[in-house]
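Working notes, structure below.
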Protein chains: 2
Amino acid sequence: MSERDGAPTAATGGKAPTIYDVARAAGVAASTVSRAFARPGRVNAATAERIRRVAAELGYRVNPLASGLPTGRTSMLALVVSDVTNPFYAEIIRGAESAAAEAGFVLLLIDAQESDRVERASLERALPAVEGLVLAGTRLSDSAIRMTAKQRPVVVLNRDVADVPSITLDNPHGMLVTAEHLARLGHRTVTYVAGPEASWADGMRLRSLREAATGLGLRVQRVGPFAPTVAGGREAADALPQDLPTAVVAYNDQLAIGVVLALQARGVRVPRDVSVVGFDDIFPTRIVRPGLTTVAAPLRAQGRAAVDALLSSRGKPAPRTGKPMTLPVKLVVRDSTARARRGPRRSG
Amino acid sequence: MSERDGAPTAATGGKAPTIYDVARAAGVAASTVSRAFARPGRVNAATAERIRRVAAELGYRVNPLASGLPTGRTSMLALVVSDVTNPFYAEIIRGAESAAAEAGFVLLLIDAQESDRVERASLERALPAVEGLVLAGTRLSDSAIRMTAKQRPVVVLNRDVADVPSITLDNPHGMLVTAEHLARLGHRTVTYVAGPEASWADGMRLRSLREAATGLGLRVQRVGPFAPTVAGGREAADALPQDLPTAVVAYNDQLAIGVVLALQARGVRVPRDVSVVGFDDIFPTRIVRPGLTTVAAPLRAQGRAAVDALLSSRGKPAPRTGKPMTLPVKLVVRDSTARARRGPRRSG
DNA sequence: TTGAAAGCGCTAACAA
DNA sequence: TTGTTAGCGCTTTCAA
């Protein structure tokens, strides 16, 4: 239990060294130590060097809490997701976290656990401590989001909230290429499996699919809403019309996977009897059989972009750009879609 | 853009109300306001009530940074994972986050991105701000962990570090039931697909499997190490002996899934030709075909337990309990294991 | 039960 | 370039 680097520690009874300890040991004023770390250019090179050395010896680290008090700069950002357990967020978190880390920021993770109450409580606690937040998945109402945005810079993902910067996916394009793909395979009807009722993206996707379908002679019907999970997809499979459609487009990959699994369990073959398309391209689409055809979203880039937007908005006058930033998507064709067979197949 | 609750906000030019604003409005001293929030019992009920009301009207919230300065209590915990993208961590994060939230704590997420450098840098930044940390997946050396543990309470997951509290899984039992299951199915040889070389759990599992096998007349061979990912599993499949073993036990589910996928791609049938067992029971084991037989770990409970341990150690003298806490595991039999066929099958 | 006052560790004018 | 001096918002003795 040696204390090689000589740093006194809390556990050993000592306290963490402060700026004063360093100042004393280096024979300078505290403010000079502060400058040496914050604005190295504003202090004599030799002095700065000596301070750094002494600080290292003492095991000194600037206390972000203390420095955040007078400046308001806490170097913390919050990321709100509705369910950490959802693989959809994994890539977003990764993107946000790495962008934050690169900028010297630390990320507060708030898992709303699909609960309004939990989300509000956690937000309440995190808000005063962070310099900005990205709402990747939130149950908050538009007005609640706007209220929050008044206190701290906010970036919303996959949702369009008036007056709040947002980063969305190109849902219209995604649905257009999906519809084209299906039409090209000879499908004439497609059932859209809807996600959560409150989801902005869900409404957007259904509308986009309908629009795209119109020009292609495709008929669109809708079932739902369902929880955006594999379990939700299983339920959705039961809600499909008795005369199974030849094609199903799901709000997201999890729903699509659930649909495929339930269909297969009933003896329905995918894609031979029914073609299925998902959205997002989360990792499981690659390990499922058949591989899921899906609209791939740049999730990691989205997380990164959100943090970048937040960081670049600091200090700026009004970050209200008006138009939401939209990220491109593309169709990834795997094995869950195939040429439509003549005549519908009766459901088991 | 109304400001219904009258709370002045940063974005509107106003500043967040402080304890002094509340004090003035309520006609009491700042210290009384402080007490009203921190120790309600130590202040006149009527006064406390009035303060709460005024505070609510003003939209006052205690600033955790400011209160953390004098007390050292920041209400923040850090959680370090090696790769957020790994579904293995999803449940751990969920458990840790909810336990933290329930205790009024906020969680700092540190994604090491499988990089030593990234992990150290992030840790460096987070350390001074948190009251404790759980290392769910870390690349740090034992001694580095011990150094960290001297500065803040630490709980390590799935790893045994001398003098640092840890929460591990009952690997010996997991491997024992796995070996018994396989032996009962008539398998005589099993290949262990190893995870990362540095992994404590990996060594533990191999050793435990060997021990269990000895008593059951099972021969164990090992291939690896491999990255604990699906891609790693695919590689592992190629490293399997030419004469395929009838059973494969993988370090974790991701490896197991990769092995299954690669085997299937080669025309090898699972479980008919080769039985495969994973570890952890992450969500994808349920959507993969065949469903993966695996040793289920109480991941969420583990995350929760880690935070609870951290929280209960605060203020306590020395949290060095000596023995690591061990969580039970159990075998979940799905469809990736079956009776061994006579005679080995040649690899494609 | 309440108030006054002295910090917590750091930053940011303002002087020197 | 460096030192001095106020705070940042809150907690916590110590008196009243």
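Chain letters run A, B, ... following the sequence lines, proteins first, then strands; residues in each count from 1.
From Ile167(A), atom CD1 reaches atom CD1 of Ile92(A) across 10.0 Å, with rounding to the nearest 0.5 Å. With values rounded to the nearest 0.5 angstrom, Leu127(B) atom CG is found 5.0 Å from Arg61(A) atom CZ. From Arg94(A), atom CZ reaches atom CD of Gln113(B) across 4.5 Å, with rounding to the nearest 0.5 Å.
For the pair Arg24(B) CZ and dT2(C) C1', the interatomic distance rounds to 18 Å; values are reported in whole Å. Computed from coordinates, the Arg50(B) CZ to dT1(C) P distance equals 15 Å when rounded to whole Å. The separation between Ile51(B) atom CD1 and dT11(D) atom P is 12 Å, rounded to whole Å.
Between Thr47(B) and the phosphate of dT2(C), there is a side-chain N or O to OP1/OP2 separation shorter than 4.0 Å.
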Derivation and outcome, salt bridge (Lys or Arg N to Asp or Glu O under 4.0 Å), residues Arg120(B) and Glu124(B): CA-CA 6 Å; Arg120(B) 283 176 175 281; Glu124(B) 185 89 355; over 6 Å; no

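Counting only residues at least two apart or in different chains, ring-ring contact (aromatic ring centres under 6.0 Å, His included) contacts with residues 22-56 of chain A comprise Phe37(A)-Tyr60(A). Within the structure, every pair that satisfies the side chain to side chain donor-acceptor pair (under 3.5 Å) test and touches residues 127-140 of chain B, not counting sequence neighbours, is listed here: Glu114(B)-Arg139(B), Glu119(B)-Thr138(B).
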Sugar-phosphate or base contact per nucleotide [nucleotides 9-16 of chain C; S, B, -; heavy atom under 4.0 Å]: BBBBB---

